[in-house]
Structures are given as C-alpha cells and as structure tokens.
Asker: 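A single structure is presented below for examination.
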Amino acid sequence: MISFDSLPGNTALKSSLRNALSGRFPQTVLLSGDDPDGLKTLSCVLAAAILCESGGPRPCGTCLSCRKAEQGVHPDLMMIDAGDEELKVDLARRIKAENAIVPNDGARRVTVICHAQNLNPMAQNALLKELEEPPGYAFFILAAEQPDALLQTVRSRCTKFALAPAGAAVSDEEAAALLAPYLAAVAAQREERMMLAALALEKTPRRTLMGVLGILQAALRDAVFFAKALPQPPLQPALETEARALARTVPASRLLAVYDWIGELIGRIGRNAAAAAVTCALTSDVYRICFL
Ligand SMILES: [Zn+2]
C-alpha cells in the first residue's frame, strides 16, 4: 500500500510534507537528495497524495486513485524517469501539451521528473512559464540528485524539500538516545557536559550523524513551538522532555538561530568538515548562540 512509510527515516521531512498536504500544497516542488531510489519513492508517494481522493490524511493508500498511482496506471500522473539520458526540449513540449488538457479522473494532474538535473538548459527554459504559472490543476515534482545543476530561474520557482543522505537513515530511538544527553546539557547551560555529549555524537559515522542532526533540528523546532506555547504535536515525541526543558531556558528566537546553525553544520559535514569542527560547532558555537 502506498504510504509515507515506503521511505525509511526522514521523519522531519515527512512531517513537513504531511503538514503541507493538509493545506494548500505548492504546485511546483523540488525534491533533492543523493539517493535516486529514495527520491523516486518519495516522488511517487507525494504524487499519490496530491491525487488521493480521501478526505483524511493523504495518501490513504486505498482509494481508486491511490491504487492506480501505485500500479503506475493513473491517467493524470505523468512519471518521467529516463535514467541518465539527457532530457531535451521535445520532452518539455510534451509535458506542456499534456498539462494543457484538463485531468481525466479527478481535479488534479501531476508531472514527476526524475533526475531533473538532466533537463538541458533549452528544456528548462521551455518549462519556465509552466513552472511559474501552472494551470490550477497542474502539479510538478522535480526530483534531482544535483539540484545545483538546475538553472537558478527554475530552482527559484520551486518549493524545496531535501531528503537525508542515503545511509543516514537512523531510527528515532537511536537518535534520541544520542541526542537526549546533549539537549539536557544545553538546557542546563553546562558547556562541559555539552562537550562530552558532542564528543559521543562525533564518533557516529558521518552519514548517520547528518541524519541525527536532522532529528536534532526537529527537536529544536518542537522546542520553538513549546517556547511560543503553540499547540502542535511534537515531531520527536522521544525527545519531548528535553525539548520542553530547552524551551524553558532558551528564548524562541535563539532556538531558531540554533536550528539554522545546525542546518549550516549539516551542509559542512556534507562537504567533509573535520570531526573536531563538529564538536566545536555543537559546543562553543551553540552555547554562544543560546546564552551570550
Ligand atoms: Zn487515496
């Protein structure tokens, strides 16, 4: 049955997609990540969710639309996966022509372009207007392993979501066990305890660490919601106690600054930052952002 559970890990990402689906979902989305299989799986789930006819959480997995999407026979779902081939302007024209026709089955039509970085510049330019002002029923999912290879004009028209790196999938429980001592140390304003906890984090393999830090961001987001007393179920229930403690000692604006800083750190680890730099970033830098 098609569902967000088809993709392992990525808890925070799936949660933001579910939130987005419960409101006005953006018509043009750029999914990025280094795992082509994960990207394709998530693109299919997302396309099914956009097309799903259920009134509840989508994709429901059981309605006729979800079953057609899962079997790859939905008439309003155009799935383009040409592997490593260059995607040329005639494809862009075909996409435009398809999207000029109103949907067959329901109220929406979805075009998924896997390996979107293979769209050549001419094809991207031909799609620009379509991406900027799609017909009300048309949705686009661009899945790209190298999103930076797309033209800036294309990227700027898309709402962006990123998958955790392949191999970074870590269970919420494992991540919580690693992160709880760290978050408790921050909440207690104890820099030397933060250092000890960060040293333990530093020993995890790089890709796992990136996944763990993604979960740290989700816990920080929870702490922001707690600090602002916004009613929202926590993204990371296993770290709720620590997030609440953090919300009592660190103001929401500083928690948001830490959230951004962890995002920057994940990028640096992806670019092979030294382990010592990670510990320093999680210790003195986070301490300074929170308390000085
Ligand atoms: Zn459904």
Side-chain angles (χ1 to χ4, degrees), residues 1-33 35-82 94-116 127 130-131 133-144 157-164 169 171-172 214 218 221 231-237:
M1 191 174 93
I2 197 155
S3 101
F4 277 106
D5 295 335
S6 317
L7 181 78
N10 288 286
T11 314
L13 168 67
K14 288 191 270 191
S15 166
S16 23
L17 287 171
R18 281 198 192 94
N19 275 344
L21 282 162
S22 66
R24 207 181 129 81
F25 195 75
Q27 280 183 266
T28 314
V29 162
L30 172 60
L31 289 180
S32 62
D35 168 20
D37 295 335
L39 279 177
K40 188 166 185 181
T41 303
L42 184 60
S43 302
C44 290
V45 175
L46 207 47
I50 291 168
L51 296 165
C52 173
E53 292 154 0
S54 151
R58 296 178 292 155
C60 69
T62 53
C63 73
L64 187 58
S65 177
C66 280
R67 281 180 284 142
K68 283 184 180 175
E70 185 170 20
Q71 290 157 18
V73 296
H74 201 300
D76 299 320
L77 172 56
M78 187 179 187
M79 172 67 74
I80 295 153
D81 183 352
R94 186 155 65 85
I95 291 171
K96 279 167 86 167
E98 285 273 337
N99 275 296
I101 306 165
V102 295
N104 290 291
D105 275 16
R108 294 170 161 190
R109 186 184 273 289
V110 182
T111 306
V112 176
I113 308 178
C114 297
H115 318 291
L127 279 175
E130 200 71 11
L131 296 175
E133 287 171 9
Y137 52 77
F139 290 77
F140 291 90
I141 301 171
L142 307 187
R157 282 161 173 79
C158 300
T159 304
K160 298 167 194 72
F161 296 97
L163 257 82
S171 78
D172 285 0
R221 207 211 68 153
Q232 183 91 7
L235 290 176
Q236 292 298 328

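Counting convention: from 1, in listed order, for ligands and their atoms alike. Counting begins at 1 with the first residue of the sequence. Below, all heavy atoms of this structure are taken into account, side chains as well, without hydrogens, waters or symmetry copies.
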Asker: List in chain and number order the residues that pass side-chain hydrogen bond (donor to acceptor under 3.5 Å, both in side chains) with Arg108, two or more places apart in sequence or in another chain; answer none if no residue qualifies.
Answerer: none
Asker: Can you tell me how far the SG atom of Cys158 sits from the CD1 atom of Ile141, to the nearest 0.5 Å?
Answerer: 11.0 Å
Asker: Roughly how far apart are Leu17 CG and Arg58 CZ, rounded to 0.5 Å?
Answerer: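 Atom-to-atom, Leu17:CG and Arg58:CZ are 12.0 Å apart.
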Asker: Can you sort out the partners of Cys60 under side chain to side chain contact (heavy atoms under 4.5 Å, CB included), two or more places apart, ordered by chain and number?
Answerer: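 Counting only residues at least two positions away or on another chain, Cys60 forms a side chain to side chain contact (heavy atoms under 4.5 Å, CB included) with Cys52, Ser54, Thr62, Cys63, Cys66.
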Asker: In sequence, state the C-alpha distance, the side-chain angles, and the governing distance for Thr111 and Asn99, and then conclude on side-chain contact (heavy atoms from CB on, under 4.5 Å).
Answerer: CA-CA 8 Å; Thr111 306; Asn99 275 296; 3.1 Å; yes
Asker: Considering residues at least two apart in sequence or located in another chain, which fulfil the side chain to side chain contact (heavy atoms under 4.5 Å, CB included) criterion with Pro237?
Answerer: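 Side chain to side chain contact (heavy atoms under 4.5 Å, CB included) check on Pro237 returns nothing, list empty.
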Asker: Give me the protein N, O or S atoms that fall under 2.8 Å of the Zn ion (ligand 1), sorted by chain and residue number.
Answerer: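 Short answer, with waters excluded from the count: Cys52 SG, Cys60 SG, Cys63 SG, Cys66 SG.
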